[in-house]
Amino acid sequence: MKKLTKIVKAFDLDAPEDKNAVNQAALILKEGGLVAIPTETVYGLAADATNPNAVKSIFAAKGRPQDNPLIVHVADYEMLHKVAKSVPPEAEVLMKEFWPGPLTIIMEKTELIPDTTSAGLPTVGVRMPLHPVALAIIKASGVPIAAPSANLSGRPSTTTAQHCIDDLFGKVDMIVDSGSCEFGLESTVISVAGEVPVLLRPGAVSYEEICRLLPNTLLHSAIVKPLGESEQTISPGLKYKHYSPNAQVILVCGGFEGFKKYFEENAASETYALVFSGEKQAMNSENCVEYGAIGDELAQAKNLFAALRSFDELGAKTVFVRCPDKGGVGLAVYNRLLRAAGFKEVYTDV
Ligand code: TXA
Ligand code: MG
């Protein structure tokens, strides 16, 4: 059923109008509705994590496969203990360093979290966001909030309210506009539910930073290669194609000269290039979008999804992408691009 989507702004929590927007959003959530909310990573499609019907409507609005569990967002440690059965020492260490922030920790769940939210798994991914508006909305609603990224399933995640309008207008009760997201990529996801910690999705909290605290952390192989049949259950989200514009994306690894040559030799009509900031000028083509300076992974992360979305507006059929560095936050940028490309990578030089 089509919903009447209300769009509100919340930038300054001291301003009465913005505070009012937060309270309205919280009320909708408490009553089982859907609200697109800002976070420091990407916008989230929020509902009461303890209400199976509300959570079902998240899956319906996104067109998300039912076997892909949702992240549960909490505003404080009291809420954490309501959703996590036990908090392992590894989780404590990570929370102390990175919460509130862009890190989701998978732990054993309590009965409060219905199977609809955890997609039948005995675990729950929990995150305490850093964004003041997200925290204020969760606090005011008084319930843990399930929120996947606020995009249609398979599309690039949303990093502005306009992206949420493009994907979800008529499907949610409210969109809360707080401008563009600080990081622009989804949170790092780590499981501490097994014998050793496993990084399932890289994000703004890097693998290197985590290993400094928990040196035995493993990197799940699906971060950089397609998931094998037997690996499908540890993180169901890893098996789906993600973040794609309509165009075929091809990741081109190597230096700029090799990239330019590859583009010149292989570009057909409606072929575009996604290059680093400052490289467009040297490309001899108007069909270029820039996504952050070379080596500046935080800037690349922040701009990536808006850039990928822009290719649909441009009517691109193919996009050749300059491959980012694979260390630090670069691993997260690389991981999203690999998935957007359906793992299609070419190497121009090594
Ligand atoms: O930054 C973020 O994490 C954003 C904002 C809104 O918080 N949310 C987000 O949610 O990206 P989503 O649903 O798009 O991605 C969640 C990922 C999926 O790959 C899912 O499979 C995995 O986390 N996940 C969630 N709960 C899990 C669990 N219990 N076990 C294994 N993987 C889980
Ligand atoms: Mg998502």
Side-chain angles (χ1 to χ4, degrees), residues 5-15 17-19 21-22 25 34-46 62 71 73 100-104 127-138 145 147-152 155-169 171-172 174-188 201-205 242-245 274-278 280 288-293 296-314 319 321 324 329-330 332-333 335-337 340:
T5 304
K6 192 165 178 195
I7 300 166
V8 295
K9 287 190 189 297
F11 285 84
D12 173 9
L13 290 173
D14 291 329
E17 228 174 285
D18 295 26
K19 226 189 259 168
V22 164
L34 292 183
V35 182
I37 63 166
T39 84
E40 75 281 16
T41 57
V42 296
Y43 275 74
L45 175 46
K62 271 184 73 97
I71 292 174
H73 299 71
L103 180 70
T104 298
R127 178 162 108 78
M128 190 186 290
L130 181 61
H131 198 292
V133 173
L135 281 174
I137 291 173
I138 304 167
I145 294 296
S149 47
N151 52 287
L152 291 176
R155 298 251 299 143
S157 297
T158 47
T159 57
T160 65
Q162 186 58 50
H163 296 160
C164 298
I165 294 170
D166 294 343
D167 277 24
L168 297 171
F169 193 82
K171 297 183 170 201
V172 297
M174 179 178 273
I175 294 171
V176 181
D177 180 356
S178 300
S180 52
C181 301
E182 184 187 345
F183 294 118
L185 288 186
E186 308 83 351
S187 62
T188 303
R201 181 174 72 184
V205 173
H242 271 308
Y243 318 115
S244 302
L274 182 58
V275 295
F276 296 126
S277 302
K280 184 173 171 171
C288 282
V289 175
E290 296 180 335
Y291 77 114
D296 186 352
E297 284 82 24
L298 284 174
Q300 294 161 13
K302 192 175 165 80
N303 298 318
L304 180 66
F305 288 140
L308 288 179
R309 281 178 173 263
S310 74
F311 292 117
D312 286 345
E313 275 150 47
L314 292 165
V319 181
V321 181
V329 178
V333 180
N335 164 265
R336 303 312 190 274
L337 279 167

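When reading the values below, keep in mind they use all heavy atoms of this one structure, side chains included, and skip hydrogens, waters and symmetry mates.
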Check your understanding: Would Arg155 and Asp166 count as a salt bridge (charged side-chain N to carboxylate O under 4.0 Å, His left out) if you check the C-alpha gap in whole Å, the side-chain angles of each, and the deciding distance to 0.1 Å?
Key -> CA-CA 11 Å; Arg155 298 251 299 143; Asp166 294 343; 5.7 Å; no
Heavy atoms only: give me the nearest [X]-[Y] pair and the separation to one decimal.
{"X": "Val329", "Y": "Ala301", "result": "CG1-CB, 4.5 Å"}
{"X": "Ala147", "Y": "Ala46", "result": "CB-CA, 4.0 Å"}
{"X": "Val133", "Y": "Ala10", "result": "CG2-O, 3.6 Å"}
{"X": "Ala25", "Y": "Val176", "result": "CB-CG2, 4.1 Å"}
{"X": "Pro132", "Y": "Leu13", "result": "O-CD1, 3.6 Å"}

So, taking the atom named [atom1] in [X] and the one named [atom2] in [Y], what distance separates them when rounded to the nearest 0.5 Å?
{"X": "Leu103", "Y": "Arg201", "atom1": "CG", "atom2": "CZ", "value": "10.5 Å"}
{"X": "Asn335", "Y": "Leu185", "atom1": "CG", "atom2": "CG", "value": "9.0 Å"}
{"X": "Leu304", "Y": "Tyr291", "atom1": "CG", "atom2": "OH", "value": "7.0 Å"}
{"X": "Ile71", "Y": "Glu186", "atom1": "CD1", "atom2": "CD", "value": "8.5 Å"}
{"X": "Gln300", "Y": "Ser277", "atom1": "CD", "atom2": "OG", "value": "8.0 Å"}
{"X": "Leu45", "Y": "Thr158", "atom1": "CG", "atom2": "OG1", "value": "8.5 Å"}

Is any side-chain heavy atom of [Y] closer than 4.5 Å to one of [X]?
{"X": "Lys62", "Y": "Ser149", "answer": "yes"}
{"X": "Phe183", "Y": "Thr159", "answer": "no"}
{"X": "Val172", "Y": "Cys164", "answer": "no"}
{"X": "Met128", "Y": "Leu135", "answer": "yes"}
{"X": "Ile165", "Y": "Ile175", "answer": "yes"}
{"X": "Arg309", "Y": "Asn151", "answer": "yes"}
{"X": "Phe305", "Y": "Thr160", "answer": "no"}
{"X": "Val8", "Y": "Met174", "answer": "yes"}

Exercise for review: Please assess Glu182 against His131 for the test side chain to side chain contact (heavy atoms under 4.5 Å, CB included), listing each intermediate value before the final yes or no.
Suggested key: CA-CA 9 Å; Glu182 184 187 345; His131 198 292; over 6 Å; no
Under 3.5 Å, is there a donor-acceptor pair between the side chain of [X] and the main chain of [Y]?
{"X": "Thr5", "Y": "Phe169", "answer": "no"}
{"X": "Ser157", "Y": "Val42", "answer": "no"}
{"X": "Asp296", "Y": "Gly292", "answer": "no"}
{"X": "Asp18", "Y": "Phe11", "answer": "yes"}

**Study point:** Set of residues satisfying side-chain contact (heavy atoms from CB on, under 4.5 Å) with respect to Leu130, sequence neighbours excluded
**Key:**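 Leu130 satisfies side-chain contact (heavy atoms from CB on, under 4.5 Å) with Glu40, Pro100 once adjacent residues are dropped.
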Check your understanding: Using a distance-only test with no angle check, is there a side-chain donor-acceptor pair under 3.5 angstrom linking Thr104 and Ser187?
Key ->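 The criterion, which ignores hydrogens and geometry beyond distance, is satisfied for Ser187 and Thr104.
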Review point. What's the verdict on side chain to side chain contact (heavy atoms under 4.5 Å, CB included) for Arg336 and Leu308, showing C-alpha distance, side-chain angles and the deciding distance?
Key: CA-CA 11 Å; Arg336 303 312 190 274; Leu308 288 179; over 6 Å; no
Practice item. Quick one: do Ile145 and Val35 satisfy side chain to side chain contact (heavy atoms under 4.5 Å, CB included)? Show the steps, please. Key: CA-CA 10 Å; Ile145 294 296; Val35 182; over 6 Å; no
Check your understanding: Could you go step by step and tell me if Tyr43 and Leu168 meet the side chain to side chain contact (heavy atoms under 4.5 Å, CB included) rule?
Key -> CA-CA 12 Å; Tyr43 275 74; Leu168 297 171; over 6 Å; no
